[in-house]
Amino acid sequence: MSVLRRGSAAGKGPAVTVVHTEDSPYGSRRLVVETDGVVSAAYLKDSRDAVVGAVWITNHDAAPAAVDQTRLDDGQTPMLPASHVRHAQGRPQLKRDALEVVWFEEGDGVAVLEEGEPLCVIPGWSDMARGIPGYSRDVTGQSPFAFPLDDEIEEFGPRIGRARDHWKICEAEGSWADFQQSVLGHLLQRLGPGGHYWHDVGRQLPGGNPGVLPTVGVTERPVRGDREFTVLSTVGMSRQRMPTVELYEDDVSPYSRIELAVATTLPSQRAGSIFPWLAQYPWRAVTWFAAGDVVKWYHEAHTFPLNTGETSWEGVLLLDDPSRLAGPVAPGLAGLSTEGDPVRWLWLVPITDEEHRYAKNEGSDALIRRLAQQNRSWVVS
């Protein structure tokens, strides 16, 4: 079953009331807490309003001896049986004023607190289509509709606390400036004095929402005596962890925070226009960027910012070790950390549509070897 509630058949079942709804700070997920007076549930929806995660929260009437098949058949959220719930006689209705929503830093999961205590959690890996619901405090036994929150509270409790601290820091006066200066100071040591700085580049994408995080700028580090190319780097992507890393890595810390950079001899204004596309991409698309990823340009090929007229580039390869390709020695950018996580810089190397398909079929390592054999440089010129 893909969702807890498919929508009641015409004329059947009580009306559903939305107790609370809230968008994530990145605008890519929406939480909806609702009740029909008999059962309350929470849904995590994507930007197209499709349910990506869900959890049964509680019964408000006395629990049946088995899952209420009649409600299921009518497309309603089922009542869980007495053997699976903490309150066999049901519990009072949820009160909006008693609820607090805490989005995980990555934006792909969310917790709902009641009177300051965790009520339910829908993590990023919740997937009702695969029988993986969220976690509820009022559940005592696993079911396709909810897992017991008590079983994972030792993990979720600290994570909720960290998330609350993260958003408090982000909202604190001067916190963005402090973060920005830490990144710029690091780049000053590694790359020398800065040139132009572009503010809030993530807002510049067509259709971009000016109220949506993360805030990302781009700094220019011009040519200097020991470097015949300009380096353009994002400033702000590493302030928050990327979504979904935990689905692929046991330890997310080494992979969760990145900035992007491009080394180029092209005019900075032109080359820098690559970043509005990528600056908010992981949080907008609810994904992550890893070394070796290839990303396809979202628009017509002739509009790709790094095109020179000689080759039609249609995407980028993200490279953590530029020495794998031809070109000068790359500046070392390691050494910065945010909230205890190391920040990695991934370099953008433009690729053709055919090279993008090749990487998808053969793997990025095969593409990198092929580009190296062609003497492709990591510097865009």
Side-chain angles (χ1 to χ4, degrees), residues 23-30 44 46-47 52-53 102-111 121-127 155-156 158-160 162-167 169-170 176 179-180 182-183 186 200-203 205 208-209 212-218 233-262 274-296 298 315-321 333-334 336-348 364:
D23 289 343
S24 78
Y26 308 120
S28 53
R29 291 286 185 262
R30 173 176 294 172
L44 193 60
D46 64 17
S47 57
V52 294
V102 179
W103 289 95
F104 290 165
E105 176 181 353
E106 300 86 347
D108 58 349
V110 65
V121 175
I122 307 178
W125 62 82
S126 175
D127 185 345
E155 175 186 344
F156 286 134
R159 186 167 183 179
I160 293 169
R162 288 195 302 271
R164 294 174 88 177
D165 291 343
H166 171 78
W167 298 118
I169 291 171
C170 288
W176 164 249
F179 169 84
Q180 184 185 49
S182 71
V183 179
H186 175 77
D200 295 345
V201 296
R203 315 299 200 265
L205 193 71
N209 185 336
V212 170
L213 295 176
T215 300
V216 183
V218 171
S233 170
T234 59
V235 177
M237 293 181 71
S238 63
R239 197 183 187 199
Q240 47 280 301
R241 285 179 164 181
M242 292 181 291
T244 73
V245 180
E246 61 193 336
L247 300 181
Y248 305 92
E249 301 290 344
D250 292 333
D251 181 5
V252 304
S253 180
Y255 307 97
S256 60
R257 298 185 191 272
I258 65 161
E259 299 288 353
L260 299 177
V262 63
I274 191 73
F275 290 110
W277 165 47
L278 297 169
Q280 294 182 337
Y281 191 111
W283 300 272
R284 188 173 61 245
V286 192
T287 187
W288 65 301
F289 284 157
D293 278 353
V294 290
V295 190
K296 176 99 170 143
Y298 76 100
V316 292
L317 164 69
L318 306 183
L319 200 61
D320 64 339
D321 180 9
L333 299 183
L336 180 68
S337 64
T338 299
E339 296 185 26
D341 298 329
V343 177
R344 294 191 306 154
W345 264 262
L346 299 179
W347 297 86
L348 306 182
S364 60

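We're numbering straight along the sequence, starting at 1.
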| Counterpart residues, salt bridge (Lys or Arg N to Asp or Glu O under 4.0 Å), relative to Arg30 (two or more places apart) | Asp23

| query | Is Leu278 close to Leu348 at the side-chain level, that is, under 4.5 Å between some pair of heavy atoms? | reply | yes

| query | Residues in ring-ring contact (aromatic ring centres under 6.0 Å, His included) with His186, at least two apart? | reply | Trp345

| Spacing of Trp167 atom CH2 and Gln240 atom CD [to the nearest 0.5 Å] | 6.5 Å

| Side-chain touch Pro282/Met237, heavy atoms, less than 4.5 angstrom | yes

| request: Would you name the heavy atoms of Tyr255 and Val245 that are closest together and state the gap between them? | output: CB-CG1, 4.0 Å

| query | Which value, rounded to the nearest 0.5 Å, describes the distance between Asp108 atom CG and Leu247 atom CG? | reply | 7.5 Å

| request: Identify the two heavy atoms, one from Ser182 and one from Leu336, that lie closest to each other, and give their separation to 0.1 Å. | output: O-CD1, 4.1 Å

| message | Is it the case that the side chain of Thr234 and the backbone of Glu259 share a donor-acceptor pair, with hydrogens and angles ignored and the cut-off at 3.5 Å? | response | no

| field | Gln280 side-chain N/O to Val212 backbone N/O, donor-acceptor pair under 3.5 Å | value | yes

Could you list the donor-acceptor pairs under 3.5 angstrom formed by side chains in residues 286-295, with sequence neighbours left out?
| residue | atom | partner | partner atom | Å |
| --- | --- | --- | --- | --- |
| Asp293 | OD2 | Ala290 | N | 2.8 |

| field | Nearest heavy-atom neighbours spanning Ala111 and Phe104 | value | CB-CE2, 4.4 Å

| task | Compare every heavy atom of Pro214 with every heavy atom of Trp283, then report the nearest pair and how far apart it is. | result | CE3-CG, 3.7 Å

| query | Of all heavy-atom pairs between Ser253 and Gly340, which one has the smallest distance, and what is that distance? | reply | OG-O, 4.1 Å

| query | What closest approach, in Å, do Pro254 and Asp251 show between heavy atoms, and which atom pair accounts for it? | reply | CD-O, 3.3 Å

| said: Suppose we screen for side-chain contact (heavy atoms from CB on, under 4.5 Å). Which residues come up paired with Arg164, at least two apart in sequence or across chains? | reply: Glu100, Val102, Leu113, Ile160

| Can you name the side-chain contact (heavy atoms from CB on, under 4.5 Å) partners of Asp250, sequence neighbours left out? | none

| message | Please enumerate all residues that pass salt bridge (Lys or Arg N to Asp or Glu O under 4.0 Å) together with Arg257, with sequence neighbours excluded. | response | Glu105, Glu339, Asp341

| Partner set under side-chain contact (heavy atoms from CB on, under 4.5 Å) for Ile169, not counting sequence neighbours | Ser175

| So Glu106 and Arg159, salt bridge (Lys or Arg N to Asp or Glu O under 4.0 Å) or not? Walk me through it. | CA-CA 11 Å; Glu106 300 86 347; Arg159 186 167 183 179; 3.4 Å; yes

| task | Calculate, to the nearest 0.5 Å, the distance between atoms CZ and OG1 belonging to Phe179 and Thr215 respectively. | result | 10.0 Å

